[in-house]
Protein chains: 4
Amino acid sequence: MIVYFRSMRIKDEAKQSAIIDATVKLVNEIGFVSSSVSKIAKEANVSPATLYIYYKNKEDLLVSTYLEIKQRLSEEILSEFNQNAPIRDSLYKFWTNAFHFISQNNSYFQYTEQFANSPYSEKVNHEDVEKSFTPIYEVLQKGIEQKIIKNVSFEILSVFMFYPIMNLSNARLCKNITADSKTIEDAFQLAWDAIKL
Amino acid sequence: MIVYFRSMRIKDEAKQSAIIDATVKLVNEIGFVSSSVSKIAKEANVSPATLYIYYKNKEDLLVSTYLEIKQRLSEEILSEFNQNAPIRDSLYKFWTNAFHFISQNNSYFQYTEQFANSPYSEKVNHEDVEKSFTPIYEVLQKGIEQKIIKNVSFEILSVFMFYPIMNLSNARLCKNITADSKTIEDAFQLAWDAIKL
Amino acid sequence: MIVYFRSMRIKDEAKQSAIIDATVKLVNEIGFVSSSVSKIAKEANVSPATLYIYYKNKEDLLVSTYLEIKQRLSEEILSEFNQNAPIRDSLYKFWTNAFHFISQNNSYFQYTEQFANSPYSEKVNHEDVEKSFTPIYEVLQKGIEQKIIKNVSFEILSVFMFYPIMNLSNARLCKNITADSKTIEDAFQLAWDAIKL
Amino acid sequence: MIVYFRSMRIKDEAKQSAIIDATVKLVNEIGFVSSSVSKIAKEANVSPATLYIYYKNKEDLLVSTYLEIKQRLSEEILSEFNQNAPIRDSLYKFWTNAFHFISQNNSYFQYTEQFANSPYSEKVNHEDVEKSFTPIYEVLQKGIEQKIIKNVSFEILSVFMFYPIMNLSNARLCKNITADSKTIEDAFQLAWDAIKL
DNA sequence: GATGAATGAGTGTTCATTCAT
DNA sequence: CATGAATGAACACTCATTCAT
């Protein structure tokens with residue numbers, strides 16, 4: 001009797017991760033428009049053909065990369081989240097988490113910004129993505145119920161709570177701002193004043 | 001002998017304007033990545049070669065288009081601006097002007113968003129662009145001096161004053177929001193609460 | 001007033017013809033499977049991109065080439081056709097015309113054979129192609145009416161009248177046959193015996 | 001220790017046969033040009049690498065498949081062949097056998113037609129292939145000797161005897177013909193008239 | 001024997017740009 | 001000024017084949 005013990009080559013996770021890193025790096029350096037499959041492959045030190053083993057096509061690569069980053073972002077933002085902390089403290093934690101992730105992973109973040117403004121964005125099920133961020137919405141909801149936060153739509157709240165931080169921590173858009181603790185404090189105070197009752 | 005009638009200048013301008021409109025339309029429909037020179041030329045009903053009479057190259061076309069839109073945006077935002085109105089009223093006027101321009105020219109606005117997040121953005125002298133918006137900064141400055149507005153950097157103030165509005169009125173990013181007067185009022189209230197002392 | 005006297009470059013018929021010749025030559029030498037667009041372009045001394053000025057895509061090129069050859073074949077077969085000649089003489093004329101065209105343009109003919117056996121064949125409106133050969137069908141019809149030719153379907157008649165000649169004159173399929181007058185005579189006698197009453 | 005049961009040989013043959021079937025099916029459906037090794041492997045439910053265990057390379061696969069089909073065709077044509085039957089009856093038997101094989105195995109037959117018109121054809125030792133059909137040539141030879149069949153070259157005879165049947169029973173080439181017994185009879189009569197003295 | 005991973009070289013096609021008119 | 005023709009280089013993607021297991 002012949003038994004085959006995983007007798008074939010196995011997909012290399014390091015390779016897949018190298019491809020994603022290369023994608024992000026290139027998009028950050030030369031932009032979405034110029035980031036071709038062959039350039040990405042070269043940056044990742046693989047053959048263009050190899051890329052198609054891991055991803056169905058370019059769109060799949062770009063969308064998967066986007067989802068991967070969004071996933072990491074949500075994990076970072078929600079890390080050390082304490083359900084019982086006061087609402088302002090929870091939001092402040094989200095805020096600083098976001099700020100640090102974006103500052104330290106600016107290329108990742110800029111990738112998502114370029115992606116969100118491209119037509120590829122329509123290929124993403126945004127509801128699924130939003131689900132990763134539900135704890136944030138729950139905090140906001142609790143704040144509304146406790147009459148601490150203004151009773152307006154989530155879109156409006158989150159646009160004031162998180163889009164400013166994205167802007168401020170995006171190196172491409174905000175060149176004169178340094179991520180010092182004073183800036184973070186100041187900016188969060190504005191965000192809080194915006195949404196609090 | 002060739003005689004140039006005045007009408008010919010008009011015809012030329014019409015052509016140039018057709019090229020810009022085609023650029024915006026295409027970028028809005030198929031995205032920055034897929035918008036090639038020949039497609040733009042076809043959309044504008046001119047030869048690809050003609051395009052190179054009006055613009056040095058593709059980059060020049062894209063940058064010029066960006067600047068043109070930014071110019072129109074600043075004109076719209078600043079229209080009916082009354083230097084002597086109370087600060088809150090001035091900012092509210094800017095706010096609603098911006099909201100209406102973006103809502104009604106979404107394709108133009110989305111062009112600028114794609115552009116700003118692309119490396120082409122680095123070819124623009126952003127200081128020059130900002131100059132068109134100086135009246136806004138002057139109002140903010142006056143507000144700071146009159147202790148009406150928080151004394152934080154302009155970047156922080158404007159990121160709360162205008163970035164939210166851009167998001168809320170951008171159809172691609174904000175699909176569940178309708179541009180009704182209630183939404184505008186609500187959102188402006190948040191913006192104002194954010195920056196006011 | 002400005003008048004433009006055909007002020008643009010004009011499509012080069014020599015170039016188009018070079019492309020068709022290159023297509024036929026390559027298909028004949030290395031086969032349908034291996035005849036890539038870039039090889040055809042190189043053979044025709046043009047850029048691959050140029051090919052797409054004259055043809056929508058590869059399929060269009062291959063189909064057009066097929067139709068072009070079929071057109072020439074029909075013209076050759078029908079040349080010097082005398083409506084009033086006896087039926088056998090007319091068919092003999094068609095026969096020898098076909099034999100000579102195929103013998104002298106073997107690469108052209110082999111192209112059509114490869115094409116007809118490929119899936120590209122389904123892109124052709126074969127009824128239109130057949131129309132070029134209607135005089136042949138009319139002769140056969142007249143022969144049937146005059147009780148000279150067997151009253152069977154045209155498909156059967158033409159398959160005996162013309163497919164054998166194609167085979168005999170196709171160098172790839174028939175290597176031991178020489179196109180001497182004896183062979184032509186012999187073969188035509190068989191064809192005639194097949195269809196005559 | 002590896003022990004080879006007899007059943008394993010059978011399994012292998014099944015695999016080899018699956019590969020050939022997949023090759024024929026694909027070539028028939030999408031054509032020679034588009035039939036890649038990996039598509040064939042997928043269709044046969046094996047790895048592309050497996051294919052290279054059974055065949056040296058793609059050419060070997062295609063040629064072997066051709067020879068296999070030719071072998072089956074010759075067996076079918078010669079089945080129930082009675083050496084002592086009258087010459088016309090023998091040929092009629094060949095004829096109907098061929099007709100039925102081609103009709104019922106159209107994909108197999110069309111494979112050979114595409115193959116014969118491709119440059120791969122040159123890799124085949126056609127004399128060897130012809131040997132499978134020697135009984136046919138012997139019958140024709142006997143007919144010539146008995147002054148029943150015209151004394152012309154075998155090429156000419158067989159081109160009238162078999163090429164028409166191939167065309168009539170090839171679905172791709174002959175769409176308006178149905179394989180009814182009347183058609184077979186009619187067509188055979190023409191073939192016979194062609195070659196008989 | 002059998003596999004899926006891996007790849008350099010190729011595919012058909014479009015690109016931004018320039019040319020001749 | 002304006003054009004369609006023309007192109008080398010690049011595009012996204014697939015190829016036939018080999019590799020390590």
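Below, chain A is the first sequence line, B the second, and so on; all start at residue 1.
D:Lys15 has a side-chain polar atom (N or O) that falls below the 4.0 Å cut-off from OP1 or OP2 of E:dA2. D:Thr50 has a side-chain polar atom (N or O) that falls below the 4.0 Å cut-off from OP1 or OP2 of E:dT3. Remark: C:Tyr54 is in phosphate contact with F:dA6, judged by side-chain N or O atoms under 4.0 Å from OP1 or OP2. Proximity of A:Tyr55 to the phosphate of F:dC13: no side-chain N or O atom is located under 4.0 Å from OP1 or OP2.
Side-chain contact check for C:Tyr111 versus C:Asn28: every heavy-atom pair is 4.5 Å or farther apart. The closest side-chain heavy-atom distance from A:Asp21 to A:Tyr108 is below 4.5 Å. Using a 4.5 Å cut-off on side-chain heavy atoms (C-beta onward), B:Ile69 and B:Val24 make contact. Counting only heavy atoms from C-beta outward, the side chains of D:Ser121 and D:His126 approach each other to under 4.5 Å.
Between C:Ile53 atom CD1 and F:dA5 atom P there is a gap of 7 Å when expressed in whole angstrom units. Here the P atom of nucleotide E:dG10 and the NZ atom of C:Lys58 are 15 Å apart, to the nearest Å. Per the geometry, OH belonging to D:Tyr120 stands 8 Å off P belonging to F:dA16, to the nearest Å. What separates CD of D:Glu59 from P of F:dC15 is a distance of 19 Å, to the nearest Å. Atom CZ of D:Phe32 is separated from atom P of E:dT11 by 18 Å (rounded to the nearest Å). Whole-Å rounding puts the D:Asp60 CG to F:dT17 C1' distance at 14 Å.
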As a quick check of understanding, evaluate salt bridge (Lys or Arg N to Asp or Glu O under 4.0 Å) for D:Lys39 and D:Glu43, giving each step before the final call. CA-CA 6 Å; D:Lys39 284 179 190 163; D:Glu43 178 74 34; over 6 Å; no

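Residue order along DNA chain F, read from the 5' end via each residue's closest nucleotide, puts B:Val46 first among B:Val46 and A:Tyr52. Take the nearest nucleotide of DNA chain E for C:Ala49 and for B:Lys56: the residue whose nucleotide is more 5' is C:Ala49. Ranked by how close their nearest DNA chain F nucleotide is to the 5' end, B:Leu51 and A:Ser47 are led by B:Leu51.
Put simply, CD on D:Glu68 and CZ on D:Arg72 are 4.5 Å apart, with the number rounded to the nearest 0.5 Å.
Between E:dT7, E:dG4, E:dG12, one nucleotide has an atom nearer to the side chain of C:Ser36 than all others, and that is E:dG12. Checking E:dT14, F:dC13, F:dT17 against every side-chain atom of D:Pro48, the shortest atom distance belongs to F:dT17.
Ring geometry, A:Tyr120 versus A:Phe115: the interplanar angle falls under 30°, so the pair is classed parallel (tilted spans 30 to 60°).
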For DNA chain F, the expected dot-bracket line (Watson-Crick or G-U under 3.5 Å, [ ] crossing, | inter-strand) is .||||||||||||||||||||

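A heavy atom lying under 4.0 Å from DNA chain F marks none of the residues of residues 37-45 of chain C.
Residues passing the side-chain contact (heavy atoms from CB on, under 4.5 Å) test with D:Val37, sequence neighbours excluded: D:Leu51, D:Tyr52, D:Lys58.
Residue A:Ala44 comes nearest to A:Ile19 through the heavy atom pair CB-CA, 3.9 Å, listed as atom of the first residue, atom of the second, then distance. C:Phe109 and C:Thr112 get closest at one heavy-atom pair: O-OG1, 2.6 Å.
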